[in-house]
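Taking it in order: structure first as structure tokens, then the write-up.
Owing to the predicted nature of the structure, the values given are computational and were not obtained by experimental measurement. The sequence lines fix the lettering, A, B, ..., with proteins before strands; numbering per chain opens at 1.
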Amino acid sequence: MRFLLTIIMSVMLAVMSLSATTAQEADAFRQVLSDNYKLIQRSSTKTVSPVLEAIQNTNFQGAAEFLDKWQEKELWFRKSDNAFVYVETDDKKTYRLLDVVDGTGLGEVPKKEIKQIKPNSGVRGLLAARLVQFQLTDPDVEVRRKSLESINRDPKLEHLEALRIAIEKETDAGLLAEFARIERILTIKFDEDPAARIEALNSFSGALSIDVRASLNLLLTTKLAVAKTLPEDINIARVIVPDQTGVNPDGSAFRLHGLLDMGGDQTELTRDAAYDMLVKANLAPATIDPAARKEILIANIEDGKIGKLNVSELDSDEARDSAYSDLVLLGKAEAFLTEDEQDQLISEHIFYASYVETNQEVTDVAREVLNDINASVTLNQFFDLALDGISLASIYFLAAIGLAITFGVMRVINMAHGEFIMMGAYSGYVVQQIVPNYTISIIIGIPVAFMVTFAAGVLMERLVIRHLYNRPLETLLATFGISIALQQLAKNIFGTQARPLTAPDWLDGAWVINDVVSISWIRIAIFVLGILFFCMILFVLNKTRLGLETRAVTQNPRMAASMGIDPDKINMLTFGLGCGIAGIAGVAIGLFAKVTSELGNDYIVQSFMTVVVGGVGNIWGTLAGATMIGFLQKIIEYFNPSNTLAAQTYMIIFIIIFIQFRPRGLIALKGRAAEA
Amino acid sequence: MQDAVLTKFLLRHPSVLVFLGMLAVFTIGVTVLSEGFGIGVVSTSLVKTLGKTLCLALAAIAMDLVWGYCGILSLGHFAFFGLGGYMIGMWLMYARTELIVLKANAAAALPLTPQELSDAIGVQIFGVVGGSEFPAIWAFSDSFILQLLLVVLVPGILALVFGWLAFRSRVTGVYLSILTQAMTLALALYLFQNDSGLRGNNGLSGLQNLPGLEETSQADVSLWFFWGSAFALGVCYVIAKLIVESKLGNVIRAIRDDESRVRFLGYNVEGYKLFVFVITAIMAAIAGAIYYPQAGIINPAELAPIASIYLAVWVAIGGRGCLYGAVIGAIFVSLLSSFFTGGQIPNISLGFYTIQWVDWWLVLLGLSFVLATLYAPKGLGGLVDKFKKA
Amino acid sequence: MSSLLNVNGISVSFDGFKAINDLSFEIAENELRAIIGPNGAGKSTFMDIVTGKTRPDMGDVIWGEKNVSLIKKSESDIARLGIGRKFQRPTVFEDQTVEDNLMMALRNDRAPFAVLFYKFSNDDKQKVVELAENIGLSDEIDRIAGELSHGQKQWLEIGMLLAQEPRLLLVDEPAAGMTKQERNKTVELLKKMAQNHAVVVVEHDMEFIRDLDCKVTVLHEGSVLAEGSLEQVIENQDVIDVYLGR
């Protein structure tokens, strides 16, 4: 109790001392304003600086607001006593005056008694810079952080000075590092001293953040140009040979040959573009493109003829060429250079890219640092790819693990497996409609989904599957019938529109490791769930009575029956377990995918692939299969990121070929057990 | 000589004659009742539906041959069907667009160069996917004959390569089914891409308009295709019957029942499977090439794995290992399906809920399919046989 | 007498278990041979290797006058070279008639197109009738094989083997599940076959082997334990140890 009192007392004391200093500062501020009212009312870039300095030195809280209003032309003064005021008005006739220091009302006056202060643009610039300084030294850490961020978004020369001043005053260690970093980015951009820029550049070696990379790329911006000889007074990045592909790290051009030459997009400067540059630089006569040539030909048709040729003959490029050259000879059209002559001209000129930045030393260092950064970006991208692979693998694993039991262990092919996933997802959705708290609803939803799908699985086993043991093709077709019935049923109940299964807030967002590597929390949760399931199923199959009996029943039902195991019951429970797990997987998948009646369709083929590739009858195999397929798909996507459809196509083709070499999957049972 | 063999064969198997006779009667009946050449009782759209149904029956015969007789439950034969449709669709689309472009340029001052023509057609065809260049796979699309050859070659070679890979490594049973399903999925996903060269998910459209026959009414064209479908069905039925009644028929049924025993008899099982797989893939492709000009449009969704499973469903309901069973199954289920989903069957009002067949038909189909598998494994054809014996 | 089949030091193991261990075996033209051995001695695996179903890890299998190695060949190639196999369970094609079963087994071109355009000639018909007579199924020739009794199926399978006109027959437990009468008939059939084929019979039933009256090879743990006439083999101390336990 006394402890609490002490705290309250000390807080009160602190507040009191704070207000005391504020009062002092307010007086000082008022003093500065009245001392310098003329300079403020008629400000100029030459005279305003000392005033601003003085205002800042008062340390008054409202000074920033004052500068802001001043800059925005919202500062007025009363003509009678030159006191500065803020104003409010409803009708633009009478104005309510507010004190600039404490905001107290000073009564209403007609417009003619006050005057607006309109600083010129130079002053406004100075004010803005000073404001930044204010914000950067604001007592509130959040304000400082925000202002730093806004500088980083749109850096300007004047920020650099403010930043350097503010750094000295910064006390928060975390923010200080950010201050230093942005100061260096600005140094690279604006500092006049090359040595300082190079020092700043070197400090970024290996840095991954996007803003650094952007500022380096900006520094290394090039523009294309053409000349008869290479000029010496500019910062040349590289010489370009038209129609050559790619750029080496040292800036020289190279060309990819054969299979490696994927598409022509990489050509830096095509031959046609090079000629256009020549034309623009007035170094070559303009070309006449086919469309323009056609226009000229049409304009010269006389009696169905152009020159000696009939119009109907002009159905090929060669014929049009010859008709056009006839026109040129007749002086009715302008000559243009042949391709060979154009090529000749192109080869007589030199094409080059030059840096916008003129200091060669700076660009050299920048390029070096950027290469260094790119190397570490590649490394991190690889790491990110691995994370993506793991997360996709865990999704496949979750989708397939129920099948690993029903198909893998029991050898029952259940084409409705996907629909059990869907059923689980819809169960989660229904629970969420009843229980609004997302966290609790997920906690309830998982067991509910399990129970619903377990019950449905048991029902299906009793009614259909058990009549079809050892008739795999019939099972496939019958379960497919169930699959279409369930899908349509879900459509009838829930509609065709996607239903949201919302993740709790704490699963929102991503774990950001750096600007390259990040992974969303949902995916981490799915990974954890996958691991949990894996351990649980290993445990159930290998360490429990149910698992033992399941294995006995699958391997030799008659022998198992003679030992007192009820194969009917075991089959029923095992099938139910497989379906129940599919249901839980459905809840997990529903958290990141849209819940529709076709949800299962998207996973059924991949799930079977996972089990087959991994090796039937083995949970480890399913894990291996999911890992392989997940990583493979991500790697293929990495090479062609825009096209996930193509990635899936190639992956399936790969799997078909893979099965050629390992028909029994990655982790195969050998010997007689496998023959069955 | 050849005729003599055929006559003898037909005499030995009167069921073929019965089938061909029924098909002929049906064809003539529809023609007489049609709008095009008859009294106009049967609408043009119904003629198209019937023609398409005959094509589906042909695909079902192929499926029955590969599954019912050879025991390979392929979940990829509808993909071959769709590929056949794509191949003929390429020519139809190219040739018709070419005519349109030429017509549009008829009044132009200068005749088109080959490049300009191809560019103009390209813009028309590939504009929807933001392209204008002809992909390499369209190289033969200006030639009807070559593209007809591709109808046979493309699905045939795909089946050959896939079958060779799968059978060589002795993938059998459900594993093979899953693998074929994966193949189908891969193909469908590939076609869904915009840069597949086949207009992505837009597919090929306007296929019902035959190039050069704009003046002919759809009522006539639909009948031509109906006859074509009936003819193809008849020919392929006879071919399929010849195959299953030959010694090769004995061997593939033996493979279905005990593959390894056939091997020890000295037969190269893989070769036989491959033969049947490729032959049936080609049959399915031909069916598709006649089907899609009647449907008017083909898109990748048609090739989705589920379509191939439906094909298996028809055959299972009709009766495996029985050619007319497959035909009955395909016709019965697909016509029933179009009646139910087309609103021809009245909805049932339960007072508190109205059963709308558009929504409930699939549930009914799925469940009846489960029942058929459980209680009538030989399908409708099996019921016919039972009836004959009784 | 030159050997028809020569098995040279083959070994094969499944998951570390040596099913066949350095096994050598030889059989001459027109020889009748019985192989006996306890369960797991490797009898079936031995047959699997000779017929191409299983590939040995080591060793070689040499066939015929031209000394063809069999270990790289497929099952169907080996069958066409002239090795026929009869399984333990009767495996005939139950959906098809006795005639069709035999017709398929007849020694003819087995390429798919040849088979597609095959005509069941009068010669071949005659052959099928003779075969049916041989195996005592003349009256059943138009029946569906699935309707035959167990013994009849066994004979049909033997008939199919004969139709293949092999030079070597591998017969796995032909007498299993037969009545006394059927068994006697089977013994006769096998002896008759051995007049112009080499025949290897794998069997458990000592009575049956005694009736066959031929050279016997005893397998144990994947290799040959003893070889000789039945009397010699029964006297052999190793064999007694294995069968009666040490």
Side-chain angles (χ1 to χ4, degrees), chain B residues 1-2 4-6 8-9 12 65 68-71 160 163-164 167-170 239-280 320-322 377-378 382 385 389, chain C residues 47-48 50-54 73-87 89-97 99-121 124 144-146 153 156-157 160-161 163-166 169-170 172:
Chain B
M1 171 64 204
Q2 209 62 24
V5 172
L6 198 62
K8 242 197 241 163
F9 172 79
R12 222 158 8 104
L65 207 52
Y69 285 89
C70 200
L160 188 74
W164 183 77
F167 300 141
R168 194 189 69 98
S169 53
R170 304 237 169 128
I239 291 176
K241 192 75 183 169
L242 277 168
I243 290 177
V244 300
E245 293 300 337
S246 73
K247 186 178 167 189
L248 187 121
N250 290 59
V251 174
I252 59 174
R253 269 180 293 156
I255 289 173
R256 175 192 67 193
D257 294 338
D258 192 339
E259 189 175 318
S260 71
R261 182 73 184 87
V262 179
R263 251 182 222 124
F264 289 118
L265 275 181
Y267 289 97
N268 176 6
V269 169
E270 286 67 45
Y272 282 84
K273 282 184 170 178
L274 200 54
F275 175 79
V276 175
F277 195 68
V278 172
I279 280 283
T280 53
R320 271 170 282 166
C322 164
K378 295 227 150 184
D385 284 349
K389 270 182 195 162
Chain C
M47 285 203 166
D48 284 349
V50 173
T51 52
K53 193 176 174 201
T54 304
K73 293 204 179 292
S74 72
E75 291 103 313
S76 52
D77 286 343
I78 291 175
R80 281 201 296 273
L81 280 172
I83 298 181
R85 176 173 186 180
K86 200 201 114 12
F87 288 83
R89 270 184 312 116
T91 44
V92 296
F93 302 113
E94 310 217 340
D95 251 16
Q96 307 191 30
T97 62
E99 186 184 41
D100 283 341
N101 268 289
L102 290 171
M103 184 262 288
M104 259 192 283
L106 282 180
R107 188 183 173 87
N108 277 315
D109 192 345
R110 268 135 162 73
F113 282 98
V115 169
L116 178 61
F117 297 111
Y118 167 80
K119 237 183 119 224
F120 196 20
S121 66
D124 284 351
I144 300 287
K153 283 183 193 166
L156 174 57
E157 205 186 352
M160 287 164 72
L161 267 186
Q164 279 176 262
E165 298 174 26
L169 285 156
L170 302 173
D172 202 351

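With a 4.5 angstrom heavy-atom cutoff, Asn108(C) touches chain B only via side-chain atoms. With a 4.5 Å cut-off on non-hydrogen atoms, Ala114(C) does not touch chain B at all. Heavy atoms closer than 4.5 Å to chain B are found in the side chain of Phe87(C), but not in its backbone. The contact between Asp257(B) and chain C is made entirely by side chain atoms (from C-beta outward), counting heavy-atom distances below 4.5 Å.
Counting heavy-atom neighbours within 6.0 Å of Phe113(C) CZ, excluding the residue itself, gives a total of 12 or less.
Highest contact tally toward chain B, considering only Ala79(C), Ala163(C), Pro166(C), is held by Ala79(C) [criterion: heavy-atom pairs under 4.5 Å]. Highest contact tally toward chain B, considering only Lys119(C), Glu157(C), Met160(C), is held by Glu157(C) [criterion: heavy-atom pairs under 4.5 Å]. Chain B forms the most heavy-atom pairs under 4.5 Å with one residue out of Asn101(C), Ile83(C), Leu161(C), Asp95(C), and that residue is Asp95(C). For the options Ala111(C), Ser76(C), Ala105(C), heavy-atom pairs under 4.5 Å to chain B are most numerous at Ser76(C).
The two atoms that bring Thr91(C) and Asp258(B) nearest to each other are CG2-OD2, 3.5 Å, heavy atoms only.
Remark: the backbone N or O of Phe264(B) is paired with a side-chain donor or acceptor of Gln164(C) at under 3.5 angstrom. Under a 3.5 Å cut-off, the side chain of Glu75(C) and the backbone N or O of Gly266(B) do not form any donor-acceptor pair. In terms of modelled atom types and a separation under 3.5 Å, the side chain of Tyr267(B) and the main chain of Met104(C) share a donor-acceptor contact.
Between Val262(B) and Phe93(C), some side-chain heavy-atom pair lies under the 4.5 Å cut-off. Within the 4.5 Å cutoff, the side chain of Asn268(B) has no heavy atoms near those of the Arg110(C) side chain.
In this structure, OG on Ser74(C) lies 7.5 Å from CD on Glu270(B), to the nearest 0.5 angstrom. In this structure, the separation between CZ on Arg85(C) and CG on Leu265(B) is 12.5 Å, given to the nearest 0.5 Å. One finds the OH atom of Tyr118(C) at 11.0 Å from the OG atom of Ser246(B) (value rounded to the nearest 0.5 Å).
The existence of a salt bridge linking Lys247(B) and Asp100(C) is excluded, since no basic side-chain nitrogen approaches an acidic carboxylate oxygen closer than 4.0 Å. The pair Arg261(B)-Glu94(C) does not meet the salt-bridge criterion, since no charged nitrogen lies less than 4.0 angstrom from a carboxylate oxygen.
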